[in-house]
Amino acid sequence: MLLFLLATAAVLAAWAFWWEPGRLVLNEIELEVPGWPEGEETRIALIADLHVGSPRNGRDKLRRAVRRVNETLPDLVLIAGDLTIDNVLGGGFVPPEEIAGDLAALDARYGVFAVLGNHDRWLSAGRVEEALTGVGITVLDNRGQRVRVRGHDTWIAGVADYWTGHPSIDDALEGAGAGEPVILFTHNPDLFPEVPARVSLTLAGHTHGGQVIIPFVGPGITPSRFGARYAAGHVVEDGRHLFVTTGVGTSRLGVRFLVPPEVVSLRLTRCESCESPPE
């Protein structure tokens with residue numbers, strides 16, 4: 001019995017600290033959202049929490065993530081922050097300039113956009129933003145940009161990190177046209193209760209899905225004031241839509257269990273039964 005327990009513990013430890021942190025899955029999601037152009041499908045690739053340099057998560061895996069994104073033939077690529085690491089046990093710091101150099105290979109028909117996460121700001125918001133913009137990636141910090149996607153204008157709104165920035169949804173939405181589809185993305189989903197109904201879809205990362213799912217219990221420690229409410233996946237509240245990715249890397253401790261690293265490919269279509277967002 002003791003040998004069985006020891007063997008089981010060894011297998012679980014190998015799974016959580018070696019096998020799963022090194023994985024990368026493609027999570028393909030079809031979402032019907034309010035206010036989207038009728039008869040139009042838009043492909044958005046979402047990546048977050050790259051944490052390049054965390055255990056089993058070096059530049060080789062980042063390049064693999066970039067290839068997986070490009071294979072989805074996205075219209076837009078959105079990077080929801082935390083490119084870098086800070087005090088990850090067993091990790092090694094990778095400069096944001098090198099990370100941005102690999103992200104430069106991202107290929108989207110209508111653009112690649114990013115917001116900064118708390119780890120990026122702890123390092124240096126200016127340095128990370130300069131690295132990204134230097135390779136042609138647009139950083140949206142409390143501002144938005146109109147993008148012509150498949151013949152329709154779409155407003156892409158980037159909001160600063162909830163913890164370490166000075167988030168302003170109003171600033172990010174300033175300039176959005178009446179009735180124009182709006183995609184809002186930010187690092188931390190704790191902002192979601194403040195997002196107005198006019199936003200078709202909010203995208204975020206930060207939580208890592210708790211990094212560990214405890215069977216019959218749920219996500220482990222989720223860095224959110226709402227606990228596991230916005231831990232991962234598609235959430236609908238009061239007719240407003242949120243999607244949270246579990247991310248690519250790890251933070252603090254290089255462990256994942258039943259929460260594999262992911263690249264998300266979203267296919268957005270109009271929700272005919274949903275009430276259109278107010279103008």
Any carboxylate oxygen within less than 4.0 angstrom of a Lys/Arg side-chain nitrogen, looking at [X] and [Y]?
X	Y	value
Glu237	Arg229	yes
Arg63	Asp102	yes
Asp141	Arg121	yes
Glu98	Arg59	yes

Would you compute the distance between atom [atom1] of [X] and atom [atom2] of [Y] and round it to the nearest 0.5 angstrom?
X	Y	atom1	atom2	answer
Leu268	Arg43	CG	CZ	11.5 Å
Arg23	Arg256	CZ	CZ	10.5 Å
Leu76	Tyr110	CG	OH	8.5 Å

Only counting residues at least two apart or in another chain, list the ones meeting salt bridge (charged side-chain N to carboxylate O under 4.0 Å, His left out) with Glu174.
none

Salt bridge (charged side-chain N to carboxylate O under 4.0 Å, His left out) partners for Glu28, two or more places apart
none

Strictly distance-based, threshold 3.5 Å: is any side-chain N or O of His51 a donor or acceptor partner for the main-chain N or O of Thr84?
yes

Would you find a donor on one side and an acceptor on the other, under 3.5 Å apart, between the side chain of Arg240 and the backbone of Phe192?
yes

Listed by chain and number, what are the side chain to side chain contact (heavy atoms under 4.5 Å, CB included) partners of Ile137, not counting sequence neighbours?
Ile79, Leu103, Val112, Ala114, Leu132, Val135

Hits for side chain to side chain contact (heavy atoms under 4.5 Å, CB included) against Ile169, two or more places apart or cross-chain, chain-then-number order -> Val159, Leu173, Leu184, Leu191, Glu194, Val195, Pro196

Scan residues 123-136 for pairs that pass side-chain hydrogen bond (donor to acceptor under 3.5 Å, both in side chains), counting only residues two or more places apart or in two chains.
Glu97-Arg127

Name all pairs fulfilling the ring-ring contact (aromatic ring centres under 6.0 Å, His included) condition that reach into residues 127-162, sequence neighbours left out, sorted by first residue then second.
none

Heavy-atom closest contact (Gly210 atom, Pro219 atom, distance):
CA-CB, 4.4 Å

Identify the residue among Val77, Thr138, Ile183 that makes a side-chain contact (heavy atoms from CB on, under 4.5 Å) with Phe113.
Thr138

Check whether the side chains of Thr269 and Trp36 place a donor and an acceptor atom closer than 3.5 Å, and report yes or no.
no

Classify the angle between the aromatic ring planes of Trp163 and His206 as parallel (below 30°), tilted (30 to 60°) or perpendicular (above 60°).
perpendicular

